[in-house]
Amino acid sequence: MSASPTLLSCRDLSRRFGGLLAIDRLSFDVAEGEILGLIGPNGSGKTTFFNVLTGIYPASGGSVEFAGARVTGLRPQQIYRVGISRTFQRSRLCLPLSVFDNIMVGNHSRLDHGPWLNLFHRAGLRRQVSENFAEARELIQVFNRSLADRMLEAVGGISLIDRRRIEICRAMISRPRLLLLDEPSAGMTREETSRLMDDILEVKRRFGRLTIVLIEHEMSVIERCTDRCVVLDYGKKLCEGTYAQVAQNPLVRQAYLGIS
Amino acid sequence: MPAAISRGRVSASAVAAVFAAGAALFLAVESQRGMLALLLAAGALVVAIRRLKGLRPFLQAASEHEETGALAGVAFTLLLCVLFRDDHFTVFLIGRVLLATLACLGLHLQFGSAGVANFAGAAFFGVGGYTAAILSAHSPIPHIVAVALGGAVSSLIGSLLLLPLLRTRGHYAALITIAFGLLFRTFAEVNDSLGGPQGLKLQGFQLFGWQFNEELAIGPFHGSFYINYVIAAVALLAIAFALVRGLDRSWLGLALDAVRLDETAAAAFGLEIARWKIVAFTLGNFLIGTAGALSAFMVGFIAPNNFTFAESLTFVSIVLLGGIGNAWGVALAAFIVVVLPEKLQILQEYRFLLFAALVIVVLRYRPQGLVPRPLRRYFRGLA
Amino acid sequence: MSIGLLAQYVINGMMLGMMYALVAVGFTLFFGVLDVIKFSHGDLVTGGAFAGLAIYSFLEHIDGGGTWWITLVVAIAAASSMAVLGAVIGRFLVLPLRSAPSLNTLLITLMAGTVVRESIRLFYPGGSQPHRFPGLLGARAFQIGSLTLRLDNIVLLATGGLLIVGMHLIITRTRLGLAIRAVAQDEETARTSGINFERMVLLTFALGSVLAGIAGVMNGLYYNEINFGMGLLLGVIGFSSAIIGGLGNMYGAILGGFLFAALQTIGAVALPFASAYKDVFAFAAVIVFMAWRPTGLIGERVSERV
């Protein structure tokens, strides 16, 4: 884990909402291929960090570099195109659309949007649709075999847990370089969470090259699946390191447990 | 497979036949009582069909064979023309229904695909008509090109309006189109180059020597000259339908859906919101303007009185009643909205009120409209 | 241009601005409280005017005293009838559609406005014709140099001003206003604070519609004429004004109303040969403005949590 190049690096990243400093001079690196856990109490700025990173909110200060290029100030569409993909804390699927459609929403960088293919060269489109269908099917199968047979059903009729899985597939289908998962296991039992993380790790293994930043509250997941973690509190970085290191840190224990 | 495909084709044709028969009956009925009886019968039929579970697989198969259904629809429409060939008014009505469908297909693209509100449908319809009128009267441009230019000018004016605003929230588009609709009418009335309150007259449509305003005569077959216009309208509508359905069943349609349903998520996955809205809006206005241009030729004149806000709302009502996501529903609703007030004369005065009330009921209790939005099946036999 | 003419334009502009502001405040209240555009608002102005006229026609036969008394009754009739109508539309059409896409609410209120408008046209006796609105405030005027000041205009201006100040006081000084602001800011928090969300929303709708009703009567008194379509353009202008000022912001709405009137006046002065074009000019200016500052002068309330 040591010699991997740095994929993402933020320096003094800040975001202010009126009088509230939601993230405060955040600085840390993410190495290529690693799984980084982002943890902290509620309201510590984790989702805000994702939102600033993906361009939904502009940064109030500091900078972020991705694969050597500066990405602060880019719009969400540009962030996606450089290879950063995400899930949302509050599920944002298009309920009236089918499972396949929803997954394909995440795949726009790899789909051909030319009018020729889409409107006239139907045979070519059919080929592309079939290929993508097979690929999406394969991906969703890792998470839930039965969903593979429900690809053309409306998402609105699918269970909440399965919707979370579909949303993760949507973020993964475009083979991003960096995947941001915002509490992917929300609403799941211990067992479901454990299975979900196994499935995510399986996909990572298949893709070969994938870096993940994971916001998670379930500490056993962090311990088992992440290589390192960063702890936030009130928008500031408290500390970083492996889970074992971080769990011992007195500042962390105070923030979480109130033990001084 | 072959058996399933032919079952699908037969079902689609059967559905088209049923609708065509219904249309023929509605068009033929003269008395008010006959009309009411027919409405009741139609209502009963709809209820019966929904109860009969056994019909489901046939309807499902029919929906997978849209192309056949469309071809059947074209054939049956022409058949209707043969049936009513001596009745100017009825053929004219058919033409109006077809052109209203064309215009509302454009609106459906804007509202139902991209979620862009357009309350100036009648105004863009009028822009197309005025373009055709001016070009046909003052330039040697062939009429068919004038019709296309009617669409183009509508698109152009539409994009001028919307370009700066599509970066922002939906209600701005609503406001601007409402304002544009209101102002267009005043503008047309005040402006003498557009003929003022009397409007402009148009000569009959000509296509390579085929005079549309002359009675149609093919061998022993004689028919109202309006049939010429119906044929042109059917051709345009067929192309537009293919375009709109093809668009929906492709990656483009998916992008539009994503933009409409959740802009934030769509942006997070690389979709340029403004670009897609502009595409839908511009294309939609092209269809509306083209319909308006051909309609101007068919009617023979164009006047500001026809492009009021109430007319724009009528177009919107058609899209909402038909089912905001379903192109076929647009055709059905267009037929109802255009034909019913003509046949039930008591409705004429009250039609804006009634349709507004009907839309309220639909939006409140059945927002998906008469015909619900189908799930996207890109191709037959995908799964 | 003489001072008198200039002053005339100014007073005219202020009158218009006042009426636009009243309508705009309604729009902004609805948006603030429920994130909805209630397009029936403009037609409630028409409704108020006709309700006032109807009451007047009824009272005309009863000579119960001076015109001031009748004017007050007319205004109250307009205000209260529209308050009820506004609340009814809110209760049956807007509140039930909260979870639907906002386009649906826009559409349903637009249709509701059409129903009001068409109902007036069809069911009010002679509805499709313009109606004379009684000059209840008298025709007294006095001269200051080359300027003719009409008493009724002054009364209208003063009334409008009082209404706006009254609204401001209600919103900022009363418990009702506090509840409205709480609901506008955050539904959940307001609910947990014990506020009855639905009741507050309906009250806000009623309040905004009161303004519409009175604006309708003011319109009638100013132009001495009303017609069934008057609310349409007023609604669009009111909405534009609310947007210019930033949706959700009451002071922005007032500012926007006066700004729009100023734009129209400038247009009328600059293009004296075609008064129809003054509206085109004003709206073109609004479009350009919105392209530059889409969230309005004072800023629209952003409500989405990502």
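Letters A, B, ... are given to chains in the order of the sequence lines, protein chains preceding strands, and every chain is numbered from 1.
- Listed options A/N107, A/L97, A/I84 were ranked by heavy-atom pairs under 4.5 angstrom with chain B; first place goes to A/L97.
- The greatest number of non-hydrogen atom pairs below 4.5 Å with chain B, out of A/L117, A/V105, A/T54, A/L93, is found for A/V105.
- Using a 4.5 Å heavy-atom threshold, the side chains of B/L375 and A/L152 count as separate.
- With rounding to the nearest 0.5 angstrom, the CZ atom of A/R90 is 9.0 Å from the OG1 atom of B/T264.
- Within a 6.0 Å sphere centred on CD of B/E67, other residues, nucleotides and ligands contribute more than 12 heavy atoms.
- Taking chain A as the reference chain and counting heavy-atom pairs below 4.5 Å, the highest number among B/L243, B/D257, B/L271 is found for B/L271.
- Contact record, A/Q77 with B/I273: NE2-N, 4.0 Å, taken as the closest heavy-atom pair.
- In this structure, no portion of A/F120 lies under 4.5 Å from any heavy atom of chain B.
- Residues A/R122 and B/S250 form a side-chain contact, since some pair of their non-hydrogen atoms from C-beta on lies under 4.5 Å apart.
- Aromatic ring centroids of A/F100 and B/Y378 lie under 6.0 Å apart.
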Check the pair B/R249, A/L125 against side-chain contact (heavy atoms from CB on, under 4.5 Å), reporting the backbone distance first and the verdict last. CA-CA 10 Å; B/R249 296 165 73 174; A/L125 180 65; over 6 Å; no

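- Look at B/E272 and A/R81 and you find a salt bridge, because one of the NZ, NE, NH1 or NH2 atoms lies within 4.0 Å of a carboxylate O, short of that distance.
- Of the atoms belonging to A/Q128, heavy atoms from both backbone and side chain fall under 4.5 Å from chain B.
- Residue-environment remark: CZ (A/F17) exceeds the threshold of 12 foreign heavy atoms within 6.0 Å.
- When heavy atoms are compared at a cutoff of 4.5 Å, A/N102 does not approach chain B at all.
- Residue with the most contacts toward chain B among A/R75, A/E153, A/Q78: A/R75 (heavy-atom pairs, distance under 4.5 Å).
- Considering every non-hydrogen atom in both B/F269 and A/H108, the closest pair reads O-CB, 3.7 Å.
- The greatest number of non-hydrogen atom pairs below 4.5 Å with chain A, out of B/A268, B/A258, B/A242, is found for B/A268.
- With chain B as partner, the option from A/R137, A/M151, A/R170 having the largest number of non-hydrogen pairs under 4.5 angstrom is A/R170.
- For chain B, the nearby parts of A/S98 are the backbone and the side chain; heavy atoms of each come within less than 4.5 Å.
- Both the backbone and the side chain of A/P96 come within contact range of chain B, each with at least one heavy atom under 4.5 Å from a heavy atom of that chain.
- Residue contact with chain B, scored on non-hydrogen atoms closer than 4.5 Å, involves the backbone and the side chain of A/M104 alike.
- Remark: side-chain polar atoms of A/N118 are paired, donor with acceptor, to backbone N or O of B/W251 under 3.5 angstrom.
- Ranked by heavy-atom pairs under 4.5 Å with chain B, the list A/L119, A/D149, A/L95, A/V129 is led by A/V129.
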